[in-house]
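To start, the structure itself, in structure tokens.
All of these numbers come straight from a predicted model, not from anything done at the bench. Note on naming: letters A, B, ... go to the chains in the order of the sequence lines (proteins, then strands), and numbering restarts at 1 for each one.
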Amino acid sequence: MNSRYDFAAIEKKWRAEWEKNPINKEDDKKPKYYCLDMFPYPSGKGLHVGHWRGYVLSDVISRYKVLQGYQVLHPMGWDAFGLPAENYAIKNNVHPEISTKANIENVKRQLHEISAIYDWSREINTTDKSYYKWTQWIFARMYEKGLAYEKEMPLNWCPSCKCVLANEEATNGVCERCGSQVTKKNLRQWMLKITAYAERLLKDLDKLDWPEKVKKMQSDWIGKSYGAEVEFKVKDSDKVITVYTTRPDTLYGATFMVLSPEHKYAKELATNENKKAVEDYCYLASTKSSVDRMSDKEKTGVFTGRYGINPLNGALIPIWISDYVLADYGTGAIMCVPAHDDRDFAFAKKFNLPIVQVIKPEGEEEKELTEAYTGNGIVINSPLFNGMTVAEAKEKAPHILEEKGLGKKTVNYKLRDWVFSRQRYWGEPIPLVHCPHCGTVVVPDNQLPVELPMVESYQPTDTGESPLAAIDSWVNTTCPKCGGPAKRETNTMPQWAGSSWYFLRYTDPHNDKELASKEALKKWAPVDMYVGGVEHAVLHLLYARFYTKFLYDIGVIDFDEPFIRLFNQGMINKDGSKMSKSKGNIVSPDELVKKYGCDSLRMYELFVGPPEVDSEWDDSGIDGVFRYLSRVWKFVYANKDKNLTPTKESEFIKNTMITQITQRLNALSTNTVVSGFMEYTTKMIDLAKEQGGIDKSCIDTLLILLAPFTPHLAEELWSQMGHKGSVFSAKWPEADKSKLVVDEITIPLQINGKFRENIVVDTDCDKETIINKAKEALATRLEGKTIVKEIYVPKKIVNIVIK
RNA sequence: GCCGGUGUGGCGGAAUUGGCAGACGCACGUGACUCAAAAUCACGCGGAGACAAUCCGUGCCGGUUCGAGUCCGGCCACCGGCACCA
């Protein structure tokens, strides 16, 4: 090694050394820290500099924690089931198991370039039999507890993936995976009762140190609302229609009712002369795709010929059918108050239905409405609620209804149960058997895993049947209960199944008796810091929370939230847009590592912008970081043997550097950490020039602080400084506050709030002296003016107000 | 439509509780070294101005304050989430 910064040689040397002597050893005397990346899907496309960002950040955090004296769990693995592998397999006639294996090798090689302190002995792969055995085991427990059930209903169907989708995968009516428009298909599918956990999933968000944005997305998705169920009798019928409303305060304003086309009474209720029209309408609605149904803002509907009775005033109100009412929310039927709801207003206008105003804005006269009034105000035209504010009436109405036996207070959630089965090959088989005698039978634990058969053809079908259904030798089995002939469940699990609990498996990845031992879980879990993209806000993160709560309830784990802290790193864009192969704007880390070294790229990834914000990639920006590291190298090389005694100046620089870097790193403001390094290093270089050298402790401190960011450089220079062990066996420095005290401070002077000049004063100087000094300094500017006010903010600023 | 976020030089971005706007870096310019170039080092780098004093300047308009990028009110633009959930 010489005075040139030969990153290639340094990085090769230390990578080999760390391989032999890992810097992060388990040591139960130390407190634990579990720092986790969202594990990747092993795509054939490999990694770009955007992927590096999160991995570098989590590695910096992990190494920082090592230096702070923690034993750190920082694992890596593969979320390897899923459609891309399967589609690739179909297209290229390569079995997904083979292409997945090849992709993993490639991505793993790329990950090694980051030099993260992953513990590869804990590597997991969701497609390993020894792993998905436990994915199936969890499903079996859910089935036993009644949380997994089969149901036939209209489901989101992706015609391109030939597969059903969960609600979370079909937002905006578009397939989350491929972007195709989702249609509805009536199918019998396996569901998980995530709605049973709606309240806890909502409430426990409070416990989490997560970005507010993600918590908000989850709570909106769960969508809790408070309201009432109200019963409406039907004239000339014994039927009672229950509606759900969040506005019981407007009950007197209900002038019609609407049932969804799928409502159980929709067709029955129609009078003879309306029957045909109602049936036609319901049929038409059933053929519409969810996209059409959502995007059709123009209201449609049909009258049943029947009337409901308003329970409070006995008014007869017509009952209509319309597809703007959703069958699977609330009761599938609503009371309509056109005066105070936009949708009801539009419907009333279109079909010429009466509008009765029951709320008026406070202090205004009642006047004809040209649009629905949805704001606050005073209740009118409502004998039981007149004069109340909206809030009061909302609160009291449900109680009044309850007393009269007309309804009850209730809550509703937007969250729906999770459609859990998929009609594809490359996923975990659902461990159930259908027996003609015993019905559905769960596969006993000692027969798990139910292995995915190795077959050559697994084309998806249009029928809603899994390709596994065509494999007779696999489908036909014996019933675990009665031993008679039976058939296997042929659907597989969604990709989210394996990722909903993988963070538990890392604690004890080779256990074949349990998904992880109690001791291992106790030692490491839950995850202290979870780093990944925001795109999983209502998918993976919601599912993982649900699984965790379930496993907590059945006593497998003793915590009920998986990720204490979540950090969403921003995307890295190139030329203003997300990197993608089709746009041809992918920046590969491989050449950058070759040209500048791993350390430079690591540091630049963190310097490019605030880590939580999307940033634009600029290739030439990395030059600045590389120059900086070369400067560090030269500086340390030039001064390592001088060994001066510490001076007041050097102590001040060193201790402010420790304070600043630590503070910024704790705030995960990595871009300002890097700028801080540059600033303080320059100060040291200048001081060294001035003093003819610098003391060893300054350099040592700089190297320890740099170590999480540029581990190879720090490690090499650390050994050049004459230290025996690794820089990571050093301790993260603490600032000596007594060295931060200065004798003199610079005070900016303002006149009328405008900066004029600086003065330097003794730190303990009092107000009067400072004001006088300020006036002296500003004498020519103050000449002939009247001083109105003198402001001195201690150690901050002086402002003289003049006229 | 509803909800959230963000607007600061040519660019990425700094700026504790309101207290010197533009740290740090990129790009650019000038100089030193060199036969020359690269690398490196030094200096400059928001706009206007006789490139002096000074004035203007953090999306726009207004307010509070001795003092506003920061707080308040009203807009505008862009990005993200949800979208007939009664």
Side-chain angles (χ1 to χ4, degrees), chain A residues 4 171-173 211-221 223-225 227 243-248 250 254 257-258 260 293-299 322-337 340-344 346-347 374 412-416 534-535 537-538 571 603-604 607-610 612-625 627-628 630-631 634 663-664 667 669 671-682 746-758 788-802:
Chain A
R4 193 175 62 88
T171 53
N172 295 319
E212 284 307 315
K213 179 187 157 122
V214 176
K215 289 208 241 181
K216 178 101 181 28
M217 281 168 72
Q218 288 214 355
S219 90
D220 284 354
W221 189 258
K224 185 177 185 176
S225 68
V243 305
Y244 172 70
T245 179
T246 56
R247 296 295 306 271
T250 63
M257 302 176 76
V258 177
S260 74
R293 208 167 142 165
M294 281 191 306
S295 60
D296 246 354
K297 295 284 179 194
E298 182 68 19
K299 296 279 181 287
S322 173
D323 67 0
Y324 83 92
V325 175
L326 305 175
D328 57 354
Y329 179 77
T331 61
I334 60 169
M335 66 174 209
C336 298
V337 185
H340 307 293
D341 181 279
D342 294 323
R343 298 149 301 182
D344 298 347
F347 196 84
T374 55
N412 248 305
Y413 300 91
K414 287 189 199 172
L415 186 70
R416 309 292 152 86
V534 74
E535 64 274 14
V538 287
M571 266 188 333
M603 193 171 239
Y604 183 57
F607 187 50
V608 71
E612 70 280 10
V613 170
D614 290 355
S615 295
E616 172 72 18
W617 185 265
D618 175 8
D619 271 330
S620 60
I622 193 172
D623 278 317
V625 171
R627 279 179 209 142
Y628 166 69
S630 307
R631 254 191 332 269
K634 266 200 292 194
Q663 199 179 14
R664 293 173 189 187
S669 175
N671 55 327
T672 61
V673 170
V674 176
S675 73
F677 279 134
M678 293 171 172
E679 236 176 303
Y680 288 104
T681 305
T682 304
T746 303
I747 299 283
L749 308 179
Q750 297 182 330
I751 292 176
N752 291 347
K754 284 206 176 84
F755 170 73
R756 290 306 166 193
E757 53 199 274
N758 285 316
V788 181
K789 209 169 179 183
E790 292 158 352
I791 291 145
Y792 172 58
V793 182
K795 297 181 183 180
K796 279 263 166 71
I797 205 158
V798 171
N799 189 14
I800 312 265
V801 185
I802 59 169

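- Comparing B:C56 with B:G73, their P atoms are spaced 28 Å from each other, to the whole Å.
- Using a 4.0 Å heavy-atom cutoff across all strands shown, A:V538 reaches no nucleic acid atom at all.
- The two residues A:N752 and A:V801 come nearest to each other via the heavy atoms OD1-CA, 3.2 Å.
- Across B:G47 and B:A37, the matching P atoms stand 28 Å from one another, rounded to whole Å.
- Closest to the side chain of A:Y244, from the set B:C55, B:A86, B:G81, is B:A86.
- Distances shown here put a side-chain N or O of A:Y329 below 4.0 Å from the OP1 or OP2 atom of B:A86.
- Smallest separation of non-hydrogen atoms from A:V325 and A:S260: O-CB, 3.0 Å.
- Under a 4.0 Å N-O distance rule, the pair A:R247/A:D341 does not qualify as a salt bridge.
- Across the protein-nucleic acid pair, A:K414 atom NZ and B:C3 atom P stand 12 Å apart, rounded to whole Å.
- As a whole-Å value, the separation of A:R247 CZ from B:C84 P is 20 Å.
- Spacing between B:G69 and B:U8 at atom P, rounded to whole Å, works out to 15 Å.
- The separation between A:D341 atom CG and B:G1 atom P is 17 Å, rounded to whole Å.
- For the residue pair A:F607 and A:N671, the shortest heavy atom distance occurs at CD1-O, 3.6 Å.
- Comparing A:R627 and A:K216 by the nucleotide of RNA chain B whose heavy atom lies nearest to each, the residue mapping closer to the 5' end is A:K216.
- Residues A:Y329 and A:S225 bring a donor and an acceptor atom of their side chains to less than 3.5 Å of each other.
- The distance between atom OH of A:Y680 and atom C1' of B:A14, rounded to the nearest whole Å, is 13 Å.
- Counting to the nearest Å, the P atom of B:A86 and the CG atom of A:L326 are 10 Å from each other.
- Position along RNA chain B of the nearest nucleotide to A:I334 versus A:S620 favours A:S620 as the more 5'-ward residue.
- Both tests hold for A:K299 against A:Y324: distance to the six-membered ring centre under 6.0 Å, angle to the ring axis within 45°.
- Whole-Å rounding puts the A:R416 CZ to B:C82 P distance at 15 Å.
- With B:G13, B:A86, B:C84 as the choices, the nucleotide that has an atom nearest any side-chain atom of A:K299 turns out to be B:C84.
- Residue contacts for A:K213: at a heavy-atom cut-off of 4.0 Å it reaches the sugar-phosphate backbone alone, with no base atom in range.
- Rounded to whole Å, the C1' atom of B:C78 lies 27 Å from the corresponding atom of B:C84.
- Because its glycosidic torsion is more than 90° from 0, B:G46 is reported here as anti.
- Comparing the P positions of B:A50 and B:A36 gives an interatomic distance of 38 Å, to the nearest angstrom.
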Check the pair A:W617 / A:Y604 against ring pair (Phe, Tyr, Trp, His ring centres under 6.0 Å), numbers first and verdict last. CA-CA 10 Å; A:W617 185 265; A:Y604 183 57; 5.0 Å; yes
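- The heavy-atom pair separating A:M335 from A:T245 by the smallest distance is CE-OG1, 3.8 Å.
- Rounded to whole angstrom, the span from the NZ atom of A:K795 across to the C1' atom of B:U16 amounts to 15 Å.
- Rounded to whole Å, the P atom of B:G67 lies 29 Å from the corresponding atom of B:C76.
- In summary, the side chains of A:S669 and A:T672 do present a donor paired with an acceptor at a separation below 3.5 Å, with no hydrogens or angles considered.
- The nearest pair of heavy atoms linking A:W221 to A:K414 is O-CB, 3.7 Å.
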Intra- and interstrand pairs of RNA chain B - dot-bracket, Watson-Crick/G-U under 3.5 Å, | marks other strand: (((((((..(((......[....))).(((((.......))))).(((.....)))..(((((..]....))))))))))))....
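- Distance, A:Y628 OH to B:C41 P: 13 Å, rounded to whole Å.
- If you take atom C1' in B:G62 and the same atom in B:A42, they sit 48 Å apart, rounded to whole Å.
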Sugar-phosphate or base contact per nucleotide [nucleotides 19-24 of chain B; S, B, -; heavy atom under 4.0 Å]: BB--BB
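- Between B:C26 and B:G44, the distance separating the two P atoms is 15 Å to the nearest Å.
- The nearest pair of heavy atoms linking A:R664 to A:V673 is CB-CG2, 3.5 Å.
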